Amino acid sequence: MRVLLIHSDYLKYQTKSKTKIAEKIDDEKKKGSFENSLVAFTAVEKEDEADMQGVVENAVKEIADVFSKVGAENVVVYPYAHLSSSLSSPDAAKKILIEIESELAEMDIKVARVPFGWYKSFEVSCKGHPLSELSRTITSQKTEEKEKEKGEESKWYILDEGQLIAPEEFDFYNKDLEQLTKYELGKSESSGEEPPHVKLMKEKGLADYEPSADVGHLRWYPKGRLIRDLLADYVYLLVTKEGAMPVETPIMYDLADDAIRVHAEKFGERQYRLGHKKKELMLRYACCFGAFRVLSDSFLTWKNLPARIYELSTYSFRMEKKGEVVGLKRLRGFTMPDLHTVCRDLGQSLVEFDRQIDLCMRTGEDFNVNYEVIFRATKDFYDEYKEWMHASAQKIGKPVLLEILPERKNYWISKMDFAAIDYLGRPIENPTVQIDVESGERFDITFLEENEQEDYPIILHCSPTGSIERVICSLLEKTAVEMDEKPPMLPVWLSPTQVRILPIAERHMDYALELARELKDHNVRVDVDDRPERVGKKIRNAATDWVPYVAVIGDNELESEELTINIRETQEKQAMTREDLVKLVKQETNEMPFRALPLPLKLSERINF
RNA sequence: GCCUCGAUAGCUUAGUAGGUAGAGCGCGGGAUUCGUAAUCCCGAGGCCGCGGGUUCAAUUCCCGCUCGAGGCUCCA
């Protein structure tokens, strides 16, 4: 519900003509005039229909609160549809407005209600003092929850070698951590530029906005899709090696299920709701829902634990604020690897937590992306497990930012967040590990203890890479950061084209194609620039495509065993045999996943996406 | 969600003090068969984001919407 509260000297209205949805009224209600009134212009919205009583309660509380603060003599409830673009049904709106009127009356507040569904002329005179104009968005959520969030504030430290240091006193030798700290403490200044990855993702033919979808949903072109698939393969191998069991679960859930609804509500307004005639569904914002449902229907014993369930959420949905959605960094639909580990007790969860820290750090090394770390815990947890926390922070090998929360307000008691820093100095939150002490009970996940008692487990949430889109985002941002030091490029194992062959003239074409086929047989992603262009132009195009290795084929190559390879990273030319070239690519891609290039071998046959 | 700014060919954009528009890249055709960051010539391609208003006339001015960019979070 939207409410605009105006403390007025006077309000006058006069009904003009009926609309189809007009309520029946007596003649005396056809006009009215009030003095020293708090006028509540009100629009009832679709989502209010789900819990009308809750909305009424909160609206009345809010109106009464402002009423007493401004010292008005009466309240006028004025239906005003123009405050919202998502209106409820007229019947629901009438009911809610009538309820608000009668509940205010019960509180001994003089209240009037202006008729619903009529065209009216009105005149209002705003008093103009600081509280005389207020707008409120009212939901059915309990207001206590909101107040709690605003309670005592977190304490922030830099945790370095077991020492707690106030951020303002810490001598940052690491620029990334300094920027992360500034950002978290709300002290970073913004430059007002677009992050460079947005242009890059379009320019390199990876992904683009899809205006015909909702904001924050992308279309992926073949090259981008290839990179996503390679990253998906990477995480799959990483977690299955650690004993994780992959599953796949639905992307939408019925809010009629209590556990689902309560877990969903932790997410507040950012839920993606899917209205349906009878059911109210939500789109998942992570894989928790599916994993927990699977676990709760499984029979677990202490011998099964720790049990690791993995899913790549293509997609997860979050209704991020419109103005916050940008490029690959913040989306409404994104892909996230999600590992849930069911642990017997807190002790076991801490052992697993440490292993997962290792996993997260390893992804940073494999992607060659620097992460800075925020370690968070409730005060109670920190006090009790200080030693473990210090030891775990030590694993990072550099200072970390530490947040101590006065009390638990989420499902987790401790979590570690890893963030890369983008070109503009802002964090891209990537991997995370969290200790969840609530969901076991809420989703009725139980296991049989050694003593034959049923018990609720501790559950770890872990995304060892963070969302796939954000991984790509950090890789692209990194190229922009390092632009001055070296030519921008993706890691060779993620480069769509790893080797490009440039025949100089028509007569070199057969040799080029034969070479390409051989490289392809060795699992190298190769293509041939067969277009009738000059070498200079083809070289230039290969460079703008960030191709790591370029082989020019001319008369010399036809006659000798050697190839001349342009190496992008070092900008050197090196003579080598075919075998050497394959070896070089293999060495550079070092055990990382491989997929073939899903595009025509010949550039002349490619579509320009 | 709110505020500010923007939207012209597939892409990057110039321009019109109101009289329906040019360029580069890309694309198609032709010539060139060439050794390391753009070969030359020709051609096609535009409801100037969408809807409404003002006007004899709107891509241009005004309003609304959509999409994008940045910022913001009850503060005017």
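What's counted below: heavy atoms across the whole structure, side chains too, no hydrogens, waters or symmetry copies. None of the values given here were measured: they were computed from a predicted structure. Reminder, nothing fancy here: chain letters follow the sequence lines and each chain counts from 1.
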[Y]/[X] salt bridge by N-O under 4.0 Å criterion:
X	Y	result
A/Arg228	A/Glu469	yes
A/Arg273	A/Glu280	yes
A/Glu324	A/Arg318	no

Determine the contact category for [X]: base if any of its heavy atoms lies under 4.0 Å from a base atom, sugar-phosphate if only primed atoms, P, OP1 or OP2 are that close, otherwise nothing.
X	value
A/Asn566	base
A/Gly536	sugar-phosphate
A/Val326	sugar-phosphate
A/Glu320	nothing
A/Pro487	nothing
A/Lys321	base
A/Asn541	nothing

Determine the Euclidean distance between corresponding [atom1] atoms of [M] and [N]; express it in Å to zero decimal places.
N	M	atom1	answer
B/C50	B/U8	C1'	15 Å
B/G43	B/A23	P	10 Å
B/C75	B/U13	C1'	38 Å
B/U60	B/C48	C1'	9 Å
B/A58	B/C2	C1'	31 Å
B/U59	B/A14	C1'	14 Å
B/U16	B/C61	C1'	13 Å
B/G28	B/G19	P	36 Å

Between A/Thr497 and A/Asp545, is the side-chain hydrogen bond (donor to acceptor under 3.5 Å, both in side chains) condition met? List the steps.
CA-CA 8 Å; A/Thr497 300; A/Asp545 283 349; over 6 Å; no
Ignoring hydrogens and angles, answer whether the base of B/G1 and the side-chain atoms of A/Glu324 contain a donor-acceptor pair closer than 3.5 Å.
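When only heavy-atom distances are counted, A/Glu324 does not reach the base of B/G1 through any donor-acceptor pair under 3.5 Å.
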Do the side-chain N or O atoms of [X] get closer than 4.0 angstrom to the phosphate oxygens (OP1, OP2) of [N]?
X	N	result
A/Arg531	B/U33	no
A/Arg534	B/C40	no
A/Lys322	B/C67	yes

Does the side chain of A/Arg500 pick up a donor-acceptor pair with the side chain of A/Asn541 at under 3.5 Å?
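Judged by distance alone, the side chains do not pair up.
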Value rounded to 0.5 Å, distance of OG1 in A/Thr181 from CG in A/Asp176
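It comes to 10.5 Å.
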Using Watson-Crick or G-U wobble geometry with both distances under 3.5 Å, which nucleotide pairs with [N]?
N	result
B/U33	none
B/U66	B/A7
B/U54	none

Distance, rounded to the nearest Å, where A/Glu557 contributes CD and B/U36 contributes C1'
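Taking atom C1' of B/U36 as the reference, CD of A/Glu557 is at 11 Å.
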